[in-house]
Amino acid sequence: TGLIRRDSDVVRYMGESIAAMAPYIVLAFVASHFIAMFNWSNLGAISAIGGADALKSAGLPLALILMGVTILGAGLDMFIASASAKWAALGPVLVPMLMLLGVSPEMTTAAYRMGDSSLVIMSPMNPYFILVLGFAQRWRPGLGVGGLLSTLLPYAIAFFVAGLAITGIWGALGL
């Protein structure tokens with residue numbers, strides 16, 4: 001295209017691309033320091049042990065605890081749409097905490113996924129929400145965010161109730 005005429009043009013374009021990435025680099029720097037300090041301080045282990053002790057003293061049945069994990073996963077959908085980002089934050093505490101109560105990591109993950117997968121279709125934080133809205137407007141011109149949410153609500157509630165019931169049954173039967 002003739003944009004690069006000398007070696008200084010290459011350096012300038014490379015500098016512009018790095019400048020565009022600067023906010024991400026700063027965010028990654030801060031996030032990596034947070035993760036390093038979290039690991040160094042053992043806050044995950046301390047929280048897991050404290051949480052396990054609190055759950056033991058509460059005397060709740062395992063099925064209710066697992067249903068609580070499901071509710072937590074679903075509730076966080078409204079704030080963080082990415083399942084992997086939520087699990088990266090919750091997993092280091094939830095897995096060891098429930099392991100201390102005799103729950104396998106697989107069951108903890110399954111309970112979390114039951115909740116996470118149910119309400120995410122309605123989350124305004126879901127990056128695919130606008131894509132779904134665009135596709136839905138093909139068949140229903142004029143459909144807005146409210147219309148799409150009211151259409152998805154019955155499905156989200158049905159998925160959530162079914163996931164909660166399945167999690168409770170798995171927990172009660174010790175599966």
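On a predicted model such as this, the values are computed, not experimentally measured, just so you know.
- A distance-only check finds no donor-acceptor pair linking the side chain of D116 to the backbone of Y112 [under 3.5 Å].
- Here the side chain of S17 pairs a donor or acceptor atom with the backbone of M14 at under 3.5 angstrom.
- Taking the side chain as every heavy atom from C-beta outward, M99 and P105 approach each other to under 4.5 Å.
- Between M78 and L119, the shortest heavy-atom distance links the atoms CE-O, 3.7 Å.
- Closest approach of L133 and V145 over heavy atoms only: CD2-CG2, 4.0 Å.
- The structure places NZ of K86 at 9.5 Å from CG of L72, a figure rounded to the nearest 0.5 Å.
- For F160, the CZ atom counts as densely surrounded, since its 6.0 Å shell holds more than 12 non-hydrogen atoms of other residues, nucleotides or ligands.
- For the residue pair D77 and G115, the shortest heavy atom distance occurs at OD2-O, 3.5 Å.
- When all heavy atoms are compared, the tightest approach of M122 to A156 is SD-CB, 3.5 Å.
- Side-chain contact between L55 and L98: present, with at least one pair of heavy atoms (C-beta onward) separated by less than 4.5 Å.
- Each of T70, L64, L62 was evaluated against L66; a single residue qualifies, L62, per the side chain to side chain contact (heavy atoms under 4.5 Å, CB included) test.
- Atom OH of Y155 has 12 or fewer neighbouring heavy atoms from other residues, nucleotides or ligands inside a 6.0 Å radius.
- In the hydrophobic clustering of this structure, M37 does not group with L27; members are Ile, Leu, Val, Met, Phe, Trp, Tyr whose side-chain heavy atoms approach within less than 4.5 Å, directly or through other members.
- Linking ILVMFWY residues whenever their side-chain heavy atoms come closer than 4.5 Å, directly or via other members, leaves F135 and V120 in distinct clusters.
- Hydrophobic clustering (ILVMFWY, side-chain heavy atoms < 4.5 Å, transitive): I49 and L60 are in distinct clusters.
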Verdict with supporting geometry, V132 and N126, side chain to side chain contact (heavy atoms under 4.5 Å, CB included): CA-CA 10 Å; V132 171; N126 187 345; over 6 Å; no
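- Taking all atoms of both residues into account, the shortest heavy-atom contact from A172 to A63 is N-CB, 3.7 Å.
- For the atom pair L101 CG and T108 OG1, the distance stands at 9.0 Å (nearest 0.5 Å).
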Residues I65, V103; criterion side chain to side chain contact (heavy atoms under 4.5 Å, CB included); working and verdict: CA-CA 10 Å; I65 293 171; V103 178; over 6 Å; no
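- Contact of the D9 side chain with the L3 side chain is not registered, since no non-hydrogen atoms from C-beta on lie closer than 4.5 Å.
- Linking ILVMFWY side-chain heavy atoms closer than 4.5 Å, directly or via other members, places F159 and M114 in two distinct hydrophobic clusters.
- S123 contributes atom OG, which lies 10.5 Å from atom CG of L76 (distance to the nearest 0.5 angstrom).
- A distance of 6.5 Å separates CD1 in I46 from OG in S41, rounded to the nearest 0.5 Å.
- Residue I157 holds its CD1 atom at 4.0 Å from CG of L153, rounded to the nearest 0.5 Å.
- For the atom pair CG (L152) and CG (L148), the distance works out to 4.5 Å, reported to the nearest 0.5 Å.
- Of all non-hydrogen atoms in F129 and I121, the two that sit nearest each other are CD1-O, 3.8 Å.
- By the criterion of side-chain heavy atoms lying less than 4.5 angstrom apart, applied directly or through intervening Ile, Leu, Val, Met, Phe, Trp or Tyr residues, W139 is not grouped with I130; the two fall into different hydrophobic clusters.
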